[in-house]
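Structure, as structure tokens:
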Amino acid sequence: MFTKVLVANRGEIAIRIIRALKELGIRSVAVYSTADKNALHTRIADEKVCIGSAQSKNSYLNAPALISAAQIKGVDAIHPGYGFLSEDAGFAEVCEAAGIKFIGPKPQDIELMGNKLKAREHVNKLGIQVMPGTFQEIEDEQHAIRIAKEIGLPLMVKAAEGGGGRGMKIIYDEDQIPNIIKIARAEAKTAFGNTSLYIEKYFENVRHVEIQIIGDGNGGVVSLGERECSIQRRHQKFIEESPSVAVDDKLRNKMNDAALRITKHINYRGVGTIEFLLDEKGKFYFMEMNTRLQVEHPVTEFVTGMDIVAEQINIAGGQKMSVSQKDIKLKGHAIECRINAEDPETLVPSSGIIHTYIQPGGPWVRVDGHVYCGYEVPPYYDSLIAKLIVWAEDRDSAIRRMQRSLDEFIIEGIKTNIPLHKKILASKEFLLGNISTRFIEKFI
Amino acid sequence: MFTKVLVANRGEIAIRIIRALKELGIRSVAVYSTADKNALHTRIADEKVCIGSAQSKNSYLNAPALISAAQIKGVDAIHPGYGFLSEDAGFAEVCEAAGIKFIGPKPQDIELMGNKLKAREHVNKLGIQVMPGTFQEIEDEQHAIRIAKEIGLPLMVKAAEGGGGRGMKIIYDEDQIPNIIKIARAEAKTAFGNTSLYIEKYFENVRHVEIQIIGDGNGGVVSLGERECSIQRRHQKFIEESPSVAVDDKLRNKMNDAALRITKHINYRGVGTIEFLLDEKGKFYFMEMNTRLQVEHPVTEFVTGMDIVAEQINIAGGQKMSVSQKDIKLKGHAIECRINAEDPETLVPSSGIIHTYIQPGGPWVRVDGHVYCGYEVPPYYDSLIAKLIVWAEDRDSAIRRMQRSLDEFIIEGIKTNIPLHKKILASKEFLLGNISTRFIEKFI
Amino acid sequence: MDIHEIEELIGLIENKDIMEIEYSKGDEKIRIVRAVEITKKAGKTPQERPDEMPGTLHPDTDEGNAFISVNSPFVGTFYCAPSPSEKPFVEIGTKVKKGQTIGIVEAMKLMNAIEADADGAIKQILKKDGDPVEFGEPLFIIDPEG
Amino acid sequence: MDIHEIEELIGLIENKDIMEIEYSKGDEKIRIVRAVEITKKAGKTPQERPDEMPGTLHPDTDEGNAFISVNSPFVGTFYCAPSPSEKPFVEIGTKVKKGQTIGIVEAMKLMNAIEADADGAIKQILKKDGDPVEFGEPLFIIDPEG
């Protein structure tokens, strides 16, 4: 196993990983930008090193600085967390070339799944239903119009190198096509350094349901069940739960089976998530695979009793998987609310000094956060400041537990989305589980 | 069920109960002394009422003020928490006389178990081994000396109306008897308003193991397994865990059986704890019963998955027990550290303003606390400021999780016992489970 | 002494009315002087004021005249008259003597007489007949010069 | 006490209502007095100051003379000479010109030349050959009047 690991991330996920490392008896090295000098992850890690200035490209996205930091600290492995370089096949390769284990999938798997068109092709060949749409990139506007006629409006234009909800545009009208293609291409170039686009059918009344899997790279892959992630805002997940009210045992088996086929076929190593759209008739479509740890992994930890991050580290360190599929049973119900430092009306990120910070606690309440009283939220990074996760015997009890936890959560000095979470949790439609990816849009 | 409940307590347990009430959809009324104006329990409750001045006798022990508060707020029931009036049979009676449900045992059960001599007699008659000692109160010094000759030194002098570790003196030498009896009698009068004393054998290398039970008052009683509470300081519990390394399935069944016999015989209603001494040979002796919710109930919640406080309230509200004995299975391992505001060397309570307060978090970490950054710990009450409870698959993992959680817990402005907890958790003897009630004494 | 201890030391004086602190032990010596203008007023936030006890002086805001507030010594129900059929003990403007009964707070069927804390005139009656009152809640304001 | 501890100490008092701090141990002594006008500028704590970028001015404590600190622009390994067998680029007292190479920071096998930010004399060399250095860590102090 590893003796020292560098965590190439910040915020709550850096803390989550450092916690797992400590519990496994592995020394942890935090990296930080000059803006994160007082960040909590630098305080709880065993060692820390400043890798660059505030802008992510100079620090958390600065691969040479990260490798250099890993070398001067003499680590065995790098954990990339999520976001930043976690799905960068090139970074994974550079790590391995430098003799540092990358705690994540094999570079070729990151690459295969990172290109959404290749991933669609891979999955389609296995006979698993993918989202209706193209398997080639869009050549030009005329090509896009031909596709639109073929599969019918509305459509969604996506960046081939995008993912995680970024770089997506909806087309409701054929006339919009030339314009949207132009904008999407420009955005894709800026965001992903690649202008490749493709088109999928856009479904309106669907759920986003994903399957958490974990593989040991030796053909062993286990599914940890589904997460319901339909409550989204601007394609960003907002509330996640497990299990999904729309998934019964039969459907769960089918989805697990599809996820396992997709990943077993490539002998997948590490944690990953297969994202599906689920329609009202119980038919599901492959959207994409995320080849990394996900923000919402705690809901699965709560219902399975499995420490996903520890398992991920152990597998990367060469250990065997600690569970087999028959050990996995979902017990009770877990819900996660993402607490963001943002204006609940405008969604504009809110930076500033937190002068009151009182966390909820008590039974089956988990907070994965990284801020504290007196901390200044810097304006440079993601607005997620804490994940509030609860578990209870059943969904109704979990909702009530989440409601009282949101009531207890006092953050002053910056704006947060807590009021919106409270509104959603108190709504009849949420309580009934009548949700879709357009829930918040219709709700506000 | 109840629609509104008054919580006649303060601190973390008031918060724990308010949380349970909120989750059950019951309105909560907090009471507070003038010293607790800014206490968190007043902030999270639905309503609050000031009941008296800082000294407990004028507020939290002031039965007329509590009943009056309950009446002006129109509550259906009072939850007494632990400590204060929770084991006061008279208060339970006054509540019921005023038409307010007392969320606790029947007054006669509180009385029976509250008098330790009567309790010993009750249990002895059932054929369950009690601590060797007297069944009558000590008449005078000569009587005490006769008993000493009979059962052999060392002995322990206890107050008949004492309990919970208070009012106890050890006798190592016959010459000390007259003096100790005199002091113990004086202390018992001050603390419990009653001079009755009795004598038990004092065992040196034993464990304190207790069984958590819950009864519905209709003959149904369920045991939730044991807690190992041997790590004590000055007869006050310091670290608790479940299960106990010293208890195997066979012994657990025996202890459960004894606890169930003691409580079924009186048709016990509510939650309660049967405390046993367990010697090195696996023989156990009844010490006393606590007829209330206990500080350390969360470790049992973690390993059983059962919400003990919700169950207690539901039963008091006339609902049936939600579980039967066969549903109770202990899964994994839970540990609790009591975080006190006190000098870790001298044990002197430390009051003052907390200027940094950063709580541990992450998977399977629970904090039941009541302080926050900027809060001033008043000098009037118990020094417990938070309970840190963790769960993991096995004891070793739970210890590592507790260690990293203690490392993360940053409290500045007052002194706490966190350093001592860290020392104990890091010790080889604790890791091996070689513990007894004299662990800390020998350890420091 | 390391940086943390120094930080703690600073924390210590920041909350107090301390201007300067000097400490030495063996060959180690430290002296900390506080900035003058920004000395926070005893570091006390309003939440930390000691609680009002029944019958404390309340310097009122208008022209510094010290009114006296008569606070409830019990949590219970306030009554302004000896019984529903009788007249109130006092009204606004009533002249009262120290020790005179001016109201009742009932707690658990016990009627507790509320007495004037000083000679003066009733300036305000803050509760209505039958109102629930908390411990320490102001019931009357007496103007000792009234 | 090294430069970091001093920096930390300065950070500490900047954050607080502290005017002056004096500390001594053995033959070591430090006294830091705060500039009057900068007391709590716009509520900013030192933590919120933009970080020093390589080559910023460092006002030193003795008589206000501004020394220049040359900071590492990379996380990596510091070398004081072009190769182990060669002499160091500079020593204490060496006169340097702006832009002159005075050291190397190696990151991922790439040798990055560290240049003097100003004309002057090397007053201090804060790292030893082969030391690991973080981004922004001071490597040299240059006295522009030296």
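A note on names: the letters A, B, ... follow the listed sequences, proteins ahead of strands, and every chain is numbered from 1. Only heavy atoms go into these numbers, but all of them, side chains included; no hydrogens, no water, no symmetry mates. Note that the structure is predicted; figures quoted are calculated from it, not measured.
Within the 4.5 angstrom heavy-atom criterion, no atom of I15(B) approaches chain A. At a 4.5 Å heavy-atom cutoff, I389(B) makes no contact with chain A through either its backbone or its side chain. Interface residue L40(A): only side-chain heavy atoms are found under 4.5 Å from chain B. Of the atoms belonging to I18(A), not a single heavy atom falls under 4.5 Å from chain B.
A search for ring pair (Phe, Tyr, Trp, His ring centres under 6.0 Å) contacts involving H297(B) returns nothing, not counting sequence neighbours. Residues satisfying the side chain to side chain donor-acceptor pair (under 3.5 Å) test with T300(B), not counting sequence neighbours, are R227(B).
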Exercise. Might you work through the side-chain contact (heavy atoms from CB on, under 4.5 Å) test for W364(A) and D307(B), ending with a clear yes or no?
Key: CA-CA 9 Å; W364(A) 296 288; D307(B) 186 329; 4.1 Å; yes
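Ranking R404(B), R19(B), M306(B), R366(B) against chain A, the residue ahead of the rest is R19(B), based on heavy-atom pairs under 4.5 Å. Residue with the most contacts toward chain A among P363(B), S405(B), G361(B), C373(B): P363(B) (heavy-atom pairs, distance under 4.5 Å). Top candidate by heavy-atom pairs under 4.5 Å with chain B, chosen from L24(A), I410(A), V309(A), V371(A), is I410(A). Considering only heavy-atom pairs separated by less than 4.5 Å from chain B, the leading option among G305(A), G369(A), P298(A) is G305(A).
Applying the salt bridge (Lys or Arg N to Asp or Glu O under 4.0 Å) test to residues at least two apart or on different chains, the pairs with a partner in residues 381-391 of chain A are E12(A)-K387(A).
Identified by a heavy-atom distance below 4.5 Å to chain A, the contributing residues of residues 392-403 of chain B are E393(B), R400(B), R401(B), in residue-number order.
Contact check for I358(A) versus R43(B): side-chain heavy atoms found under the 4.5 Å cut-off.
Salt-bridge check for E408(A) with K22(B): failed, with every basic side-chain N at 4.0 Å or more from each acidic carboxylate O.
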